[in-house]
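Comments concern the structure below.
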Amino acid sequence: MRLHFSAIVIACCYLGPARAAATPPRPDMAGPRHPGTHAPLSAPRPPKPIPDAEPGVTQWLRTALLSYADGSVAIDGYTEKARALHTPERVQSGAAELRAYGLLGELQLLERSVDGENRQYRYRARYRKQCVLVDIIFNKADKIDYLRWTPE
């Protein structure tokens, strides 16, 4: 009996998936065939710190976060727009949030950019219980135009 080439191709197409389904997945094989054996794609890696060329800004931010946690914010270092956002009620709730993170440890500079006359920074504040991303924008007069933190 002679087998035609098309019969062999059809047989391989049908036997291939059946044989693959009957074979148990090997833990050492990561790939699309075994979706549970590799890291999920939705887990982003935390950004890496960059060299800090302006340690004065980092020290200023440390002082600002510590004073904010105490509930005593130096409003004179903020622009009018930022002052309107940092009401006494908001300062008290922000202070409670920062105190809940524990003691402030290291500050790591993650990004620095310039947008016109504004300087923008992103830091990672390593508190004892939680890492926090801090975004801060200074205007041309070195006043804070924007300050916000979010848990990492």
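These numbers come from a predicted model, not from an experiment.
- Between Val132 and Trp149, the shortest heavy-atom contact is CG1-CB, 3.3 Å.
- Phe138 and Trp60 have their aromatic ring centers within a separation under 6.0 angstrom.
- Residues Arg148 and Asp135 are not paired through a salt bridge, judged by the lack of any N-O separation under 4.0 Å between the basic side chain and the carboxylate.
- The heavy-atom pair separating Leu65 from Ala125 by the smallest distance is CD1-CB, 4.3 Å.
- Here the CG-CG distance, from Asp145 to Leu85, works out to 9.0 Å after rounding to the nearest 0.5 Å.
- One finds the CZ atom of Arg90 at 10.5 Å from the CD atom of Glu97 (value rounded to the nearest 0.5 Å).
- When atom types are taken as modelled, the side chain of Ser72 and the backbone of Tyr68 share no donor-acceptor pair closer than 3.5 angstrom.
- Asp115 places no side-chain N or O within 3.5 Å of a backbone atom of Asn118 that could act as its donor or acceptor partner.
- Taking CD from Glu106 and SG from Cys131, the interatomic distance works out to 9.0 Å, rounded to the nearest 0.5 Å.
- Residues Leu104 and Val91 share a hydrophobic cluster, clusters being chains of Ile/Leu/Val/Met/Phe/Trp/Tyr side chains in contact below 4.5 Å.
- A tilted orientation is assigned to the rings of Tyr101 and Tyr127, their planes being inclined by 30° to 60°.
- For the pair Glu89/Gln92, no side-chain contact is recorded, criterion being any heavy-atom separation below 4.5 Å from C-beta on.
- Looking at Arg112, its side chain never comes within 3.5 Å of a backbone N or O of Tyr121 through a donor-acceptor pair.
- More than 12 heavy atoms of other residues, nucleotides or ligands lie within 6.0 Å of CZ in Arg99, so this atom counts as buried by the packing criterion.
- Here the closest heavy-atom approach between residue Ala95 and residue Ala69 is recorded as CB-O, 3.5 Å.
- To the nearest 0.5 angstrom, Leu98 atom CG is 9.5 Å from Ser93 atom OG.
- With Lys140 contributing its side chain and Gly116 its backbone, the two residues share no donor-acceptor pair below 3.5 Å.
- Here the shortest heavy-atom pairing between Ala100 and Lys129 reads O-CD, 3.5 Å.
- A distance of 11.5 Å separates OH of Tyr78 from NZ of Lys143, quoted to the nearest 0.5 Å.
- Taking 4.5 Å as the limit, every side-chain heavy atom of Ile50 sits out of range of all side-chain heavy atoms of Leu110.
- The existence of a salt bridge linking Arg119 and Glu54 is confirmed by a sub-4.0 Å separation between a basic side-chain nitrogen and an acidic carboxylate oxygen.
- Note: the hydrophobic cluster containing Leu66 also contains Leu61 (ILVMFWY, side chain heavy atoms under 4.5 Å, direct or indirect links).
- You'll find the side chain of Arg124 reaches within 4.5 Å of the side chain of Arg126, heavy atoms only.
- In this structure, Pro49 and Glu111 have side chains that are not in contact, with every pair of non-hydrogen atoms separated by 4.5 Å or more.
- Rounding to the nearest 0.5 Å gives a distance of 3.5 Å between CG of Asp52 and OG1 of Thr58.
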Original post:
For Thr79 and Ile144, what are the C-alpha separation, side-chain angles and deciding distance, and is it a side chain to side chain contact (heavy atoms under 4.5 Å, CB included)?
Top reply: CA-CA 6 Å; Thr79 63; Ile144 296 175; over 6 Å; no

